[in-house]
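Data block below; observations after.
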Amino acid sequence: MTEPAVLVVDDEAAIREALERALRLEGFAIRTAAGGREALDEIARDQPALILLDVTMPDLDGVEVIKRLRAQGSDLPICVLSARNEVDDRVRGLQAGADDYLVKPFALEELIARLHALLRRRPEAPAPRTVGDLHLDPVRRLARRGGRELDLTRREFELLDAFVRHPGIVLSRGQLLEQVWGYDFEVDTNVVDVFVGYLRRKLESGGETRLLQTVRGVGFVLRG
């Protein structure tokens, strides 16, 4: 089996070298880049299976790298790395189109599990779906509420699709992490809550009523 190629992007040489050694031992083929511009050049030359991307870099930060890749139509899985006090950077990275994030310092075991989860792909649904005034076409990757088209990132679309496939059913954070992010293990993250917040803002930006409801202590439910 071909080793999955991971591009590690970080301006700190010690971090790049440590991740390269650790990930090679876990069966990944590793390439590295010391900055955002070098990363974009590496991706253009030979696209990796996924990207492990630091946010704060002097030449071109990780958020800008994500924006440029998504603007080009790239759906490469991207996991953002950030320091514990860089909450705003993590949020900006997710809003720009990152799929997940890890806070430094992190456990190697969790990093490996998350990388494997990002490599797993859920097949697209063949038919459009409608719940109330919400319409999703998974094949064309289109989402509308009423007559208004929703501008969703890939991960936002996948999360909304999970809700549309289970209308009226309360989905726990663990179920959503497994269905959308591919995590079949326990993980300490609020990424579901963050993305639900993004979806709510986009679903309600025209003054519409709330579709995604919070069920306290359980999870979330889509009620059309």
Side-chain angles (χ1 to χ4, degrees), residues 1-121 153-155 177 181-192 194-195 198:
M1 184 179 295
T2 304
E3 295 177 331
V6 177
L7 178 61
V8 176
V9 187
D10 199 299
D11 62 325
E12 295 186 36
I15 293 178
R16 291 197 309 273
E17 292 166 4
L19 287 174
E20 181 174 9
R21 287 194 302 271
L23 294 177
R24 285 192 190 281
L25 290 174
E26 295 294 331
F28 293 94
I30 304 301
R31 292 152 51 199
T32 64
R37 298 187 190 283
E38 184 181 346
L40 291 173
D41 289 342
E42 281 286 332
I43 295 164
R45 181 164 50 249
D46 187 10
Q47 183 167 287
L50 61 86
I51 306 169
L52 196 56
L53 180 66
D54 187 31
V55 173
T56 306
M57 293 181 290
D59 68 331
L60 188 68
D61 70 21
V63 174
E64 184 61 30
V65 171
I66 297 168
K67 288 180 178 178
R68 294 191 186 189
L69 289 173
R70 298 310 188 218
Q72 295 166 7
S74 172
D75 64 350
L76 273 173
I78 299 173
C79 181
V80 164
L81 299 178
S82 72
R84 188 172 300 277
N85 61 349
E86 294 175 337
V87 176
D88 290 343
D89 284 340
R90 295 200 299 276
V91 171
R92 287 172 55 232
L94 291 171
Q95 289 177 331
D99 299 288
D100 198 3
Y101 69 84
L102 267 178
V103 176
K104 300 175 184 176
F106 48 80
L108 178 61
E109 293 80 4
E110 182 176 3
L111 172 61
I112 299 303
R114 291 195 184 207
L115 293 184
H116 282 300
L118 285 172
L119 288 170
R120 290 194 290 270
R121 297 283 184 157
T153 67
R154 180 171 64 91
R155 192 62 80 187
L177 284 170
W181 280 266
Y183 293 164
D184 54 2
F185 54 93
E186 185 175 349
V187 58
D188 181 18
T189 177
N190 68 340
V191 70
V192 173
V194 171
F195 273 87
Y198 295 160

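The chain is numbered in sequence order, starting from 1. Atom set for the values below is all heavy atoms of this structure, side chains included, hydrogens, waters and symmetry mates excluded. It should be emphasised that the depicted structure is a prediction, and the values quoted were computed from it without experimental measurement.
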Inset, instruction - Could you tell me whether a side-chain N or O of Glu38 sits under 3.5 Å from a main-chain N or O of Ala34, the two making a donor and an acceptor? - result: yes
Legend entry - Student check: side-chain heavy atoms of Asp61 and Thr56 closer than 4.5 Å: no
Inset, instruction - Can you see which heavy atom on Ala96 is nearest to which on Arg70, and at what distance? - result: O-CG, 3.6 Å
Legend entry - Heavy-atom closest contact (Gly27 atom, Pro4 atom, distance): O-CD, 3.7 Å
Inset, instruction - State which residues pass ring-ring contact (aromatic ring centres under 6.0 Å, His included) with Tyr198; sequence neighbours excluded, sorted by chain then number. - result: Phe195
Inset, instruction - Identify the heavy atoms of Gly35 and Asp59 that sit nearest to each other, and give their distance. - result: CA-OD1, 3.6 Å
Inset, instruction - Flag the pair Arg92 / Ile66 as yes when at least one side-chain heavy-atom distance between them is below 4.5 Å, and no otherwise. - result: no
Inset, instruction - Hey, could you give me the CG/CG distance between Leu50 and Leu76, rounded to the nearest 0.5 Å? - result: 8.0 Å
Inset, instruction - Look up atom CD1 in Ile78 and atom CD1 in Ile51, then write down how far apart they are to the nearest 0.5 Å. - result: 4.5 Å
Kindly list each side-chain donor-acceptor pair under 3.5 angstrom involving residues 10-24, sequence neighbours excluded, with atom names and distances?
| unit_1 | atom_1 | unit_2 | atom_2 | d |
| --- | --- | --- | --- | --- |
| Asp10 | OD1 | Glu12 | N | 2.8 |
| Asp10 | OD2 | Lys104 | NZ | 3.0 |
| Arg16 | NH1 | Asp10 | O | 2.7 |
| Glu20 | OE2 | Arg24 | NE | 3.3 |
| Glu20 | OE2 | Arg24 | NH2 | 2.9 |
| Arg24 | NH2 | Ile30 | O | 2.9 |

Legend entry - Any Leu81 side-chain heavy atom under 4.5 Å of Leu52 side chain: yes
Inset, instruction - Would you check if Leu111 and Arg114 make a side-chain contact, meaning some heavy-atom pair closer than 4.5 Å? - result: no
Inset, instruction - Keeping the roles fixed (side chain from Arg31, backbone from Glu42), state whether a donor-acceptor pair exists under 3.5 Å. - result: yes
Legend entry - Point-to-point distance, once rounded to the nearest 0.5 Å, from CZ of Arg37 to CZ of Arg68: 5.5 Å
Legend entry - His116 NE2 to Glu26 CD distance, which is reported to the nearest 0.5 Å: 6.5 Å
Legend entry - 4.5 Å side-chain heavy-atom contact, Val9 and Val65: no
Legend entry - Single hit among Asp75, Leu40, Leu53 for side chain to side chain contact (heavy atoms under 4.5 Å, CB included) with Leu69: Leu40
Legend entry - Any side-chain heavy-atom pair of Leu94 and Val80 under 4.5 Å: no
Inset, instruction - Identify the heavy atoms of Trp181 and Asp99 that sit nearest to each other, and give their distance. - result: NE1-O, 2.7 Å
Legend entry - From CG (Leu102) to SG (Cys79), nearest 0.5 Å: 4.5 Å
Legend entry - Shortest non-hydrogen contact between Pro77 and Arg154, atoms and distance: CA-NH2, 3.8 Å
Legend entry - For Ala39 against Leu7, the heavy-atom pair lying closest together: O-CD2, 3.9 Å
Legend entry - Beyond-backbone contact of Thr189 with Leu177, side-chain heavy atoms, under 4.5 angstrom: yes
